Number of protein chains: 2
Amino acid sequence: MSYKIGEAARLAGCKVETVRYYEQMGLLPAPARSEGNFRLYSDSQVEQLSFIRHCRSLDMSLENIRELLQFREMPSKSCAGINQLIDEHIDCVESRMDALQQLRQQLRNLRNRCSGERSIESCKILHGLTGCPCHSTEAG
Amino acid sequence: MSYKIGEAARLAGCKVETVRYYEQMGLLPAPARSEGNFRLYSDSQVEQLSFIRHCRSLDMSLENIRELLQFREMPSKSCAGINQLIDEHIDCVESRMDALQQLRQQLRNLRNRCSGERSIESCKILHGLTGCPCHSTEAG
DNA sequence: AGAATCCCTATAGCCACTATAGAGTCAAGA
DNA sequence: TCTTGACTCTATAGTGGCTATAGGGATTCT
């Protein structure tokens with residue numbers, strides 16, 4: 001069974017352009033071509049595309065996905081590297097969460113400086129955004 | 001008092017290229033030039049640069065910052081729009097936090113499928129990443 | 001036969017920078 | 001005076017992960 005790019009994209013839940021992009025980036029092998037030069041994907045190539053999309057839905061980078069695909073080519077080796085990769089990705093996600101939490105607190109502090117019923121020149125939010133450190137949004 | 005681009009950048013805590021980029025994007029006016037064609041920034045222009053950097057440190061888009069700069073030009077008008085802009089930005093940050101929290105949970109579920117002491121072909125993490133929905137990382 | 005839908009390549013755009021190449025300017029030291 | 005080195009200039013390309021467009025060819029439906 002073989003699939004044209006539109007079918008493959010639909011099965012994997014992405015756009016046609018995205019499939020071609022993955023091929024260009026070396027995440028998908030160049031597939032067979034029909035007489036009319038259309039790409040023809042095998043079942044296992046569609047599965048590989050779905051694998052990539054699943055990883056992307058977990059926000060992994062294409063570089064990380066490339067590594068995972070390489071792991072798949074060595075089925076008898078240890079999977080410790082896979083676990084490590086996931087652990088590092090979780091760390092990365094948690095770092096971003098921490099950063100966003102700090103950011104939210106700073107934004108809330110800033111927001112609390114004004115009720116929105118002033119003139120712009122007396123708005124303490126704008127004042128808080130000037131270069132002057134005396135108006136900082138640090139916790140307080 | 002006037003500052004060359006390097007001094008302005010240092011005062012605002014960014015790179016020289018970034019300052020030129022802001023000028024190109026219309027966030028900073030084209031400054032005066034020296035005889036040798038060097039950019040010369042006034043105090044208020046350096047303050048504007050610092051304002052931009054402060055907003056960027058709160059992860060606002062250049063588009064949002066452009067709006068804030070326009071508000072600053074109408075000091076006697078109501079500041080309601082500023083408050084709204086900040087509120088929307090907070091909403092945006094919170095959406096990203098929610099998305100990351102879900103993501104972390106999915107990654108943890110995936111990670112818990114394996115201890116890292118298997119072979120790659122039997123690693124349940126890789127299995128969980130295939131296109132097959134029977135190995136999904138949904139809560140469970 | 002014609003229209004609609006698919007597919008092809010190549011290229012540019014998104015965001016907020018960052019980096020590079022190749023040249024010019026300027027202040028301080030020998 | 002000459003040179004060195006730090007600074008500056010413009011223009012252009014690269015980052016990541018796509019998305020969109022132009023301008024064509026293939027296939028399929030009616």
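In the text below, chain A, chain B and the rest are named by the order of the sequence lines, each starting its count at 1. Everything numeric here is computed off the predicted structure, so don't read it as measured data.
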If you compare every side-chain N and O of [X] against the phosphate oxygens of [N] (OP1, OP2), does one of them come in below 4.0 Å?
X	N	result
A/Ser34	D/dA26	no
A/Arg33	C/dT9	yes
B/Arg56	C/dC17	yes
A/Arg66	D/dG16	no
B/Lys4	D/dA6	no

May I ask you to say what [X] touches in the nucleic acid, namely base, sugar-phosphate or nothing, with a heavy-atom cut-off under 4.0 Å?
X	result
A/Ser61	sugar-phosphate
A/Arg53	sugar-phosphate
A/Arg20	base

Is the shortest distance from a Lys or Arg side-chain nitrogen in [X] or [Y] to a carboxylate oxygen in the other one below 4.0 Å?
X	Y	value
A/Asp91	A/Arg96	no
A/Glu94	B/Arg108	yes
B/Glu47	B/Arg72	yes
A/Glu7	A/Lys4	no

Exercise for the section: Could you name each residue pair satisfying salt bridge (Lys or Arg N to Asp or Glu O under 4.0 Å) that touches residues 12-33 of chain B, not counting sequence neighbours? Expected result: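 As it turns out, the salt bridge (Lys or Arg N to Asp or Glu O under 4.0 Å) pairs with a partner in residues 12-33 of chain B, which skip direct neighbours, are B/Glu23-B/Arg39.
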Practice task
Nearest-nucleotide wise, let me know which of A/Gln24 and A/Phe38 is further upstream toward the 5' end of DNA chain C.
Solution key: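 The 5'-side residue here is A/Phe38.
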Distance in angstrom units between [X] [atom1] and [N] [atom2], rounded:
X	N	atom1	atom2	answer
A/Tyr22	D/dC18	OH	C1'	8 Å
A/Glu35	D/dT27	CD	C1'	12 Å
B/Asn37	D/dC7	CG	C1'	14 Å
B/Glu17	D/dC7	CD	C1'	12 Å
B/Leu58	C/dA16	CG	P	14 Å
B/Ile5	D/dT10	CD1	C1'	12 Å
B/Ile65	C/dC15	CD1	C1'	12 Å
A/Tyr21	C/dA10	OH	C1'	16 Å

Practice task
Rounding to 10 degrees, work out the angle separating the end axes of the helix from C/dA1-D/dT30 to C/dA30-D/dT1 (five pairs an end).
Solution key: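 For the helix from C/dA1-D/dT30 to C/dA30-D/dT1, the axes at either end differ by 20°.
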Problem - Main-chain N/O of A/Leu27 paired with A/Gln48 side-chain donor or acceptor, under 3.5 Å - result: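 Looks like yes, one N/O pair under 3.5 Å.
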Exercise for the section: Go through the steps for A/Leu69 and A/Ile52 under the test side chain to side chain contact (heavy atoms under 4.5 Å, CB included), then give the verdict. Expected result: CA-CA 9 Å; A/Leu69 289 171; A/Ile52 295 168; 4.3 Å; yes
